[in-house]
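Quick notes on the structure that follows.
As a basis for the values below, the full set of heavy atoms in this structure was taken, side chains included, without hydrogen atoms, waters or symmetry mates. This one's a predicted model, so the numbers in the text were calculated from it and none came from an experiment.
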Amino acid sequence: MSPQAAGRRRVHRSVATVLPLAQAAALVAAGTATAAPSGDARVVRTAALGGIPLGAFSNALLPGSVADDHGVRLGGIGSDLCPAGRKGEYWTVTDRGPNGQIKVDGKKRRTFPVPGFDPAIVRIRVSGATVEVIDAIPLTTSSGKAVTGLPNQRTRDEAPYTYDAGTPLSYDPNGLDTEGIVRAADGSFWLVDEYGPSLVHVSARGRVLARYVPEGLALTGADYPVVEALPPVLLHRRINRGFEGLAQLPGGDLVMALQSPLSLPDADAGDASRTTRLLRFSPRKKAVTAEYAYRFDPVGAVDPGEDDTSELKISSVVAVGRDRLLVEERTDKAARLQLVRLRDSSDILGGPWDDATTSPSLEQLDDPATAGVPVLPKQLVVDLGEVAGVPGKIEGIARVDHDTLALVNDNDFGMTDGPGAFDARGRLVDSGVKTTVVYVRLPKRL
């Protein structure tokens, strides 16, 4: 399934704001808000995924799953990036599949042009200027059926429609909007999902072993075990902004990042907030063991020219030590990596901020730190928006070596919003955005 090589992209150099991680860790430990010095980070390698018909890809994994791919090609594999153990090879995961929005009578409808698409774990190899697909694992239920990427519940998720927004589709309690991925020592995988939000444990061949969801979700009809083991406050996640980032600490614990602040007490409060949450999960205990408040920088600092706070998101978290993480703050156009340390003293699990009736909520606080909330200290490592050659909508980050990161974008399967996404024959009008892996070299060791 390897695509043809794409043309090499010119490598540029740009001055970015960078801080050596060792120095940053000391500042974080001290809680110091010192500005990072200037350095030179640069793209040293670029590779792109070629054109693979989505129907052919999906049907090779689960025969007959896709009847018509509407001309969509494989993409969307940039939801996360995890080293696969061999040089240049990574595990990635697709999201829920091609989807867009079309307004009908003034209201947006969520479209799923390939409703039979099954999210998949995809192993890639960066070879020259090409991203090659060398393996793919479909995500399946206990009985071996596709989980699909369709929404779960009428009461919590957007209604799904066909590609032209004309015909309603069915909800699917098995559906997953997969995002982050890590591989466990036993060869199984852990994924996070935006619908629940949920943490999903799957076998080495993709069968869902357990889906951990918030207490009170009451998800019925799924063809795999559903365990209500996450704090019930997560039921207030913003639509399409559940868990996005996932990291595995050296001891095996997992850290999940909510993409955006919770909608507490309502959507307006969540959209205006700069405070989201990280959760620590013990696979051994099968339970959340800690929760942390994470504070975004002002949106204009992350993405100069952007003034909508609701555009801020966490898309990737990467473990860089026993209790240290790189956290990606981004909009669709820009991204910055921050270093944080997970302190026991910053744990807010089970406290008043997990009570949905607390007023004001954590999300409503203008400055949580002054209200006594132990917000995670952080330090800027690199502003990717200042590094020439880094594509937009970076969602996956992995460590390559001591001073290099691999980044991958989410190209949304070439989809755009609006009625012009498909031509008169119902074929995709591709955006032209490719799935791209870039290597960024930092001036100091990680």
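- Between Glu395 and Arg330 there is a salt bridge, since at least one side-chain N of the basic residue sits less than 4.0 Å from a carboxylate O of the acidic one.
- Salt bridge annotation for Asp297-Arg336: present, with a cationic side-chain nitrogen under 4.0 angstrom from a carboxylate oxygen.
- Within the 3.5 Å criterion, the main-chain N or O of Ser65 finds no donor-acceptor partner in the side chain of Ser58.
- A search for ring-ring contact (aromatic ring centres under 6.0 Å, His included) contacts involving Tyr90 returns nothing, not counting sequence neighbours.
- In this structure, His201 and Trp190 have parallel ring planes: the angle between them is below the 30° cut-off, well short of the 60° mark.
- The closest side-chain heavy-atom distance from Arg110 to Asp157 is not below 4.5 Å.
- A salt bridge links Asp253 with Arg280; the closest basic N to acidic carboxylate O contact falls under 4.0 Å.
- Using a 4.0 Å cut-off between a side-chain N of Lys or Arg and a carboxylate O of Asp or Glu, Lys393 and Asp412 qualify as a salt bridge.
- Checked against Thr94 for a side-chain contact (heavy atoms from CB on, under 4.5 Å), the options Asp410, Ile77, Ile121, Asp80 give a single hit: Ile77.
- Partner Asp193 forms a salt bridge (charged side-chain N to carboxylate O under 4.0 Å, His left out) with one of Arg241, Arg211, Arg96 and no other, that one being Arg211.
- A salt bridge between Asp332 and Lys313 is present, with a side-chain N of the basic residue lying under 4.0 Å from a carboxylate O of the acidic one.
- Salt bridge annotation for Arg238-Glu363: absent, with no cationic side-chain nitrogen under 4.0 angstrom from a carboxylate oxygen.
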